[in-house]
Amino acid sequence: MGSFGIPLFPEQASTFARDIDALYFFIVATSAFFALAVTVAVIVFGIVYRRRHEGEVGARIEGNLPLELLWSVIPTMIAMVMFGWGASSYFHMRTPPAEALQIYAVGKQWMWKFQHLEGQREINELHVPVNRPVKVTITSEDVLHSLYFPSFRTKMDAIPGRYTQLWFEATKVGEYHIFCTEYCGTNHSGMIGKVVVMEPDDYQAWLAGGGVEGTLAERGQRLFQDLACGTCHLDTGKGRGPSLNDIVGKTVTLADGATAVVDEGYLRESIVNSQVKIVQGYQPLMPAFQGLVSEDNLVALVEYVKSLSPQATTQAPAGATAPAADPTKKN
Amino acid sequence: MSNAVAHAEAHGHAVPHDALQHHFETMQQQKEASTLGMWVFLLTEVLFFGGLFFAYLLYRVWYFDAFAEASRTLDISLGAFNTAVLIGSSLTMALAVRSAQTNQRSATVRWLISTIVLGCVFLGVKVIEYADKFEHHHVPGPNFVSESVWAAQEQIFFSLYFTMTGLHALHMIVGVGVMSVVTWMAAKGRFDEHYYTPVEMTGLYWHFVDLVWIYLFPLLYLVERHN
Amino acid sequence: MSGHVSPKSLYYSIFGALMVLTAITVFAAYVNLGAMNAPIALAIATFKATLVVLFFMHVRYSSRLTKLVVVTSLFFLAILLGEMMMDYASRGMGVVLPTLQ
Amino acid sequence: MLDTPKLPERHYLNNGHGLKSWLLTKDHKRIAIMYLISISAMFLLGGLFAGAVRLELMTPEGDLFLADTYNKMFTMHGVVMVFFFLIPSTPAVLGNFLIPPMIGAKDLAFPRINLLSLYIFWLGAAFFFYALFAGGVDTGWTFYTPFSSFSSNTNVIPTALGAFISGFSSILTGLNFIVTIHRMRAPGLTWFRLPLFVWAHYATSLIQVLGTPVVAITIIMVFVERAFGFGIFDPTRGGDPVLFQHLFWFYSHPAVYIMILPAMGVISEIVSTFSRKTIFGYSFVAFSSLAIAVFGFIVWAHHMFVAGISTYSALVFSFLSFSVAIPSAVKTFNWAATLYKGAISFETPMLYAYGFFGLFLIGGLTGLFLATLGTDIHLHDTYFVVSHFHYIMVGGAIMGYLGGLHFWWPKLVGRMYSEFLSRVSAILVFVGFNLTFFPQFILGYMGMPRRYHAYPDEFQVLNILSSAGAGVLGIGYLLPVIYFLWSLKRGEVAGPNPWGASGLEWQIPSPPPTENFKVQPVVHGEPYEYTPHVAREANLV
């Protein structure tokens with residue numbers, strides 16, 4: 001696409017792109033209408049009512065109530081249309097389909113690290129299949145970053161200490177930009193990469209490509225053993241820590257009576273700040289692993305624990321945060 | 001908006017008061033301007049502390065156990081004593097304003113000095129408390145030491161504790177400084193029943209500082225004391 | 001001209017009330033009231049603050065404009081706290097609204 | 001008309017000579033002039049940083065500056081322009097100078113506090129200059145944590161303290177205005193007889209006193225993290241960096257209205273004066289200022305739609321964000337309607353007002369894209385946002401400020417500037433501005449992120465256009481310096497009311513005497529009364 005050689009739009013390469021562009025055009029058209037109307041009015045008035053002699057004064061017009069109401073109410077109604085449309089697109093963008101392919105992204109000054117469930121790990125490059133929803137769970141090892149796919153019209157901040165997520169379904173095979181859009185220091189503008197959208201077969205072939213030491217969950221399992229997590233987290237549930245079998249997606253009751261849904265964010269927090277949410281009936285004995293396990297490895301551990309819950313739909317609620325307590329309820 | 005406005009319609013005095021500044025028409029107008037100015041300033045203070053209180057509230061809900069445990073390391077008797085001292089200083093301040101209103105110069109000075117003394121007592125106790133925290137390495141940052149399993153989140157509590165009480169103490173130091181000047185002015189006989197605005201304004205400020213502490217005390221010292 | 005002069009006895013009784021309320025606050029903190037401990041402590045603090053504002057700070061006898069300033073500060077404080085709380089309180093909630101498209 | 005007007009013998013400029021008579025003055029007019037000089041210097045400095053940024057961006061490679069240097073350039077551009085130019089601009093200069101004469105007062109309610117606010121401003125600027133000469137700062141003007149607290153190794157503390165301190169200057173100015181407008185109005189000058197400039201400043205002052213303290217405490221929290229290693233927003237101790245953003249934007253979103261509302265007030269005055277007509281829908285324009293000030297406080301999290309806030313709060317904040325659009329639209333329509341059946345002339349201030357219409361319209365309407373959730377996800381933190389807020393804060397606020405400066409310059413110094421050069425500069429600014437910033441909308445939709453030192457090749461053409469525009473814009477901004485300075489000695493003597501305007505400030509001599517009014521004026525009429533009679537006898541006092 002282009003006009004006079006200047007490109008005006010990024011590629012429409014995801015299922016969101018068409019909708020967001022249409023919304024964009026709707027607002028452009030509405031804005032252009034109002035901008036033109038006012039511009040034409042002030043120019044025409046400026047010419048027609050120009051001062052013709054030194055002593056001339058304008059007509060005494062104080063105002064007009066119906067007119068005021070009209071130009072308050074009509075823009076309000078148009079604004080509500082924009083809001084509704086935008087909100088509906090947003091909900092769509094914030095609701096990953098259950099069957100979405102899971103990928104993890106970790107931002108770090110100044111690179112994007114991606115991990116596939118099958119075990120592939122890549123830096124500043126992301127391979128995804130075309131026509132299949134992909135959910136990216138994002139976090140950061142240091143400062144804020146933001147994962148942005150302009151051709152997919154979506155982005156999400158990477159926030160240290162918690163998981164955020166976005167999803168997309170690529171519709172066109174090709175290579176597109178990945179940008180970091182949250183300023184993160186010296187080499188912020190170097191924190192860019194490309195997303196490679198592939199035909200499903202090519203993607204499978206790429207996944208099968210060598211150099212992978214087992215799946216992400218398997219790597220997590222090895223870490224689980226290295227860190228001796230199994231000493232307490234016995235399968236039987238009789239250990240000093242709760243059993244981790246089949247917990248993902250379930251609601252657990254905590255020591256203080258509050259409840260929490262077990263999702264990726266909860267699992268992560270239960271490792272790094274293990275004392276904050278203690279499952280009822282257990283003692284706060286587990287050491288906090290804050291700073292001891294890298295975000296990459298945390299992802300592996302989380303994925304391993306998830307693999308212990310085969311039936312669970314592991315879809316985390318959008319915007320789920322680490323400490324998801326309800327501030328209106330005090331202990 | 002306009003009906004909420006009390007207009008200054010007072011008539012000018014034949015002989016202007018010494019304290020009347022040139023750009024005001026009457027003492028009444030001058031006083032109302034000062035009062036409104038002070039209240040608007042206190043409004044900014046409410047929002048200033050408001051941001052801090054929200055941070056406290058959020059983390060207290062998130063990390064209640066850590067907050068409860070950290071709070072238990074504070075000395076409740078010192079906190080309660082300081083609360084009493086500060087409320088007492090508010091009383092002496094109110095009485096100072098009253099003495100100024102009724103043109104009792106020596107009583108005004110006396111009450112103002114009492115307020116300053118009580119303010120200094122509060123700050124002195126605060127110094128003792130801070131020294132204790134330094135000794136026990138409860139100051140967040142690289143030197144923080146805690147045996148607790150909630151050590152990390154305890155640091156948030158202590159960060160807020162020091163920021164909140166530190167800013168409060170800073171306000172008190174400013175208050176004591178201003179009050180010293182006002183006391184000197186009162187001793188010099190600058191005030192009478194027509195002009196005591198500085199005393200009154202200092203009073204408003206001091207009561208506000210008291211008011212902040214009224215919230216800080218239960219929030220910081222009394223998170224969970226019953227077990 | 002010299003504004004409202006409250007009787008000394010009023011100031012002393014307000015002081016007394018504040019001291020009693022402080023004692024109650026400390027006492028209440030040692031009683032296990034479950035989830036009610038914090039709301040009770042805050043309610044007492046708010047009551048104390050109200051006494052200070054109304055009597056020590058003379059708002060009870062002040063102009064409507066002064067009262068308006070007080071209310072304004074509370075209103076914007078409520079916006080600040082309320083809207084932030086809205087975010088944090090709804091963080092854990094999933095998307096349940098149906099998508100319109 | 002009378003024959004050639006003469007300068008009054010005694011006025012505020014010659015009432016006392018020497019540096020001391022300025023530095024210790026309590027006269028709001030002299031303080032305004034000192035603010036004018038200070039912020040003009042800051043504008044020049046901020047402009048130099050902007051020029052450096054635009055130069056770097058002419059090529060895709062980061063070849064002119066090191067990445068760190070570039071990051072410091074845009075950070076210091078933002079810090080200087082926001083905290084040391086835009087926030088004080090119209091209120092501290094024009095508001096300070098004009099509110100007392102507009103309401104028939106001899107001075108602001110607290111002249112000493114007014115002077116104090118100037119000194120505090122200088123102190124804040126001193127902290128900033130310390131940071132500048134110590135090597136600069138690279139956090140972006142937003143100071144986002146944890147980068148600002150634990151990652152950046154530049155002078156965050158002095159810069160943040162500079163912003164913190166200058167905030168108090170802003171609070172004191174706002175406080176002074178609020179009290180002055182409540183308590184110092186001349187007899188007969190009821191709220192609905194106030195000039196809209198005064199209404200706009202009242203609304204601005206509300207934001208200054210309500211919002212600034214929150215950013216102050218936020219800066220303190222970053223300060224204790226960075227200086228003492230405290231942890232409040234620190235994720236490694238369980239803190240939430242998003243909380244910083246909430247607190248920061250609670251001020252920094254309304255801060256945009258601190259910049260634009262006074263400019264809107266200026267535009268109301270100019271439009272009415274140069275069409276010799278009362279403002280259309282006075283009370284709607286007045287209340288829309290207040291509405292913008294209040295609504296401005298409930299919409300801040302639209303800066304955070306992709307920052308990890310909850311889906312529901314994003315929805316609520318998006319909905320609320322549209323509420324600001326309505327009073328802004330109402331204002332614009334009322335200005336346009338004011339022109340209807342006016343007696344319009346196009347001296348320089350009116351050209352600036354027309355320029356304001358064009359730029360504010362674009363700036364305001366592009367805000368809709370960012371309030372709408374779906375499009376904001378794509379546009380957030382791209383050049384679209386950069387362009388949008390420059391249209392508001394530069395296109396809107398600076399056009400208003402410059403328009404006001406041209407409008408009241410004869411009142412400030414008693415002399416006229418070159419009408420020809422000033423028209424040229426108004427046109428250059430308008431054209432240069434659009435050339436600079438319009439391409440950035442397209443860049444933004446293309447996906448070019450902001451704060452990028454180097455960028456992919458396909459963005460180059462538009463960036464070159466933008467940089468070229470910046471050159472034109474720079475000339476447009478420099479021209480007024482020349483003809484304003486020239487006018488000080490050589491300009492034609494203006495007389496009290498060169499435009500035949502209706503406000504109280506035009507009824508006193510230019511430049512005004514120190515006490516503004518020899519006797520306290522009593523107001524009988526409505527604002528903006530233009531009858532043929534009034535027009536002929538402009539010089540009433």
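None of these values were measured; they are calculated from a predicted model. Here is how names work: the chains are called A, B, and so on, in the same order as the sequence lines, proteins then strands, and each is numbered from 1.
- For chain D, the nearby part of A:Met191 is the backbone; its heavy atoms alone come within less than 4.5 Å.
- Across D:Leu373 and A:Gly86, no two heavy atoms sit closer than the pair CB-O, 3.6 Å.
- Side-chain contact between D:Phe322 and A:Thr76 is absent, with no heavy atoms from C-beta onward closer than 4.5 Å.
- Considering only heavy atoms from C-beta on, D:Thr236 comes within 4.5 Å of A:Gln290 through its side chain.
- For D:Pro327, no part lies under 4.5 angstrom from a heavy atom of chain A.
- In this structure, A:Trp85 and D:Thr372 have side chains that are not in contact, with every pair of non-hydrogen atoms separated by 4.5 Å or more.
- Within the 4.5 angstrom heavy-atom criterion, atoms from both the backbone and the side chain of A:Glu182 approach chain D.
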Exercise for review: Under the side chain to side chain donor-acceptor pair (under 3.5 Å) rule, what do D:Tyr445 and A:Asp21 come out as? Steps first, then yes or no, please.
Suggested key: CA-CA 10 Å; D:Tyr445 203 78; A:Asp21 287 355; 2.4 Å; yes
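- Looking at D:Phe384, only its side chain comes within 4.5 Å of chain A, counting heavy atoms on both sides.
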Exercise for review: Give the C-alpha distance, both sets of side-chain angles, the deciding distance and a yes or no for side chain to side chain contact (heavy atoms under 4.5 Å, CB included) between D:Lys277 and A:Arg60.
Suggested key: CA-CA 6 Å; D:Lys277 191 162 168 289; A:Arg60 179 108 201 150; over 6 Å; no
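- Side chains of A:Ile192 and D:Tyr452 form a contact here, defined as non-hydrogen atoms less than 4.5 Å apart.
- Heavy-atom distances place the side chain of A:Asn273, and not its backbone, under 4.5 Å from chain D.
- With values rounded to the nearest 0.5 angstrom, A:Tyr49 atom OH is found 10.5 Å from D:Leu339 atom CG.
- Across all non-hydrogen atoms, the minimal contact from D:Gly447 to A:Pro150 is CA-CB, 4.0 Å.
- By the 4.0 Å N-to-carboxylate-O rule, D:Lys341 lies too far from A:Glu56 to be salt-bridged with it.
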Practice item. Decide ring-ring contact (aromatic ring centres under 6.0 Å, His included) for A:Tyr183 and D:Phe74; before the verdict, give the C-alpha distance in whole Å, the side-chain angles of both, and the deciding distance to 0.1 Å. Key: CA-CA 11 Å; A:Tyr183 175 67; D:Phe74 74 70; 5.3 Å; yes
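- Taking every heavy atom of both residues into account, D:Met446 and A:Phe9 meet most closely at SD-N, 3.4 Å.
- One finds the CZ atom of A:Phe83 at 9.5 Å from the OG atom of D:Ser321 (value rounded to the nearest 0.5 Å).
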Exercise for review: Take A:Ile61 and D:Tyr340 through the test side chain to side chain contact (heavy atoms under 4.5 Å, CB included) and record every step on the way to the result.
Suggested key: CA-CA 9 Å; A:Ile61 306 171; D:Tyr340 173 70; 3.9 Å; yes
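- Across all their heavy atoms, D:Ala336 and A:Val42 have their closest contact at CB-CG1, 3.9 Å.
- From D:Leu370, atom CG reaches atom CD1 of A:Ile27 across 9.0 Å, with rounding to the nearest 0.5 Å.
- In this structure, the portions of A:Met82 lying under 4.5 Å from any heavy atom of chain D include both its backbone and its side chain.
- D:Phe284 touches chain A through its side chain: at least one heavy atom from C-beta onward sits under 4.5 Å away, while N, CA, C and O do not.
- Of the two parts of D:Leu361, only the side chain, counted from C-beta on, holds a non-hydrogen atom closer than 4.5 Å to a non-hydrogen atom of chain A.
- With a 4.5 Å cut-off on non-hydrogen atoms, A:His177 touches chain D through its side chain but not through its backbone.
- Chain D forms the most heavy-atom pairs under 4.5 Å with one residue out of A:Thr154, A:Leu166, A:Leu65, A:Leu144, and that residue is A:Leu144.
- For the pair A:Trp71/D:Val330, a side-chain contact is recorded, criterion being any heavy-atom separation below 4.5 Å from C-beta on.
- Within the 4.5 Å cutoff, the side chain of A:Leu67 has heavy atoms near those of the D:Phe280 side chain.
- Taking every heavy atom of both residues into account, D:Gly374 and A:Leu23 meet most closely at CA-CD2, 4.2 Å.
- Counting only heavy atoms from C-beta outward, the side chains of D:Phe333 and A:Pro75 approach each other to under 4.5 Å.
- Chosen from A:His53, A:Arg52, A:Met80, the residue pairing most often with chain D at heavy-atom distances under 4.5 Å is A:Met80.
- Only the side chain of A:Ile159 comes within contact range of chain D, with heavy atoms under 4.5 Å apart.
- Contacts classified as side chain to side chain donor-acceptor pair (under 3.5 Å) and involving residues 25-48 of chain A (residues at least two apart or in different chains) are not found.
- For D:Arg450, the part sitting under 4.5 Å from any heavy atom of chain A is the backbone (N, CA, C, O) and nothing else.
- In terms of non-hydrogen atom pairs under 4.5 Å with chain D, the most contact-rich of A:Gly58, A:Ser72, A:Gly63, A:Ser189 is A:Ser189.
- At a cut-off of 3.5 Å, with distance as the only test, no side-chain donor of A:Glu62 or D:Thr278 sits close to an acceptor on the other residue.
- Highest contact tally toward chain D, considering only A:Ser146, A:Ala41, A:Cys184, is held by A:Cys184 [criterion: heavy-atom pairs under 4.5 Å].
- Proximity to chain A (any heavy atom under 4.5 Å) is shown, for D:Asn334, by both the backbone and the side chain.
- Of residues 140-150 of chain D, those residues lying under 4.5 Å from chain A by any heavy-atom pair are D:Gly140, D:Tyr144, D:Thr145, D:Pro146, D:Phe147.
- Separating the CD1 atom in D:Ile326 from the CD1 atom in A:Ile74 is a distance of 11.0 Å, to the nearest 0.5 Å.
- For the ring-ring contact (aromatic ring centres under 6.0 Å, His included) with D:His378, the qualifying choice from A:Tyr90, A:Tyr24, A:Tyr148, A:Phe16 is A:Tyr148, the only one to do so.
- The side-chain heavy atoms of D:His453 and A:His188, taken from C-beta on, include no pair separated by under 4.5 Å.
- Listed here is the closest heavy atom pair of D:Val306 and A:Arg94: CG1-NH2, 3.9 Å.
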Check your understanding: Hey, mind stepping through D:Thr382 and A:Lys155 against side chain to side chain contact (heavy atoms under 4.5 Å, CB included) and telling me if it holds?
Key -> CA-CA 11 Å; D:Thr382 66; A:Lys155 71 161 71 72; 4.1 Å; yes
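- The part of D:Phe346 that comes within reach of chain A is its side chain, from C-beta onward, which places non-hydrogen atoms under 4.5 angstrom from that chain.
- The distance from atom CZ of A:Arg50 to atom OG of D:Ser345, rounded to the nearest 0.5 Å, is 12.5 Å.
- Neither the backbone nor the side chain of A:Val44 has a heavy atom closer than 4.5 Å to any heavy atom of chain D.
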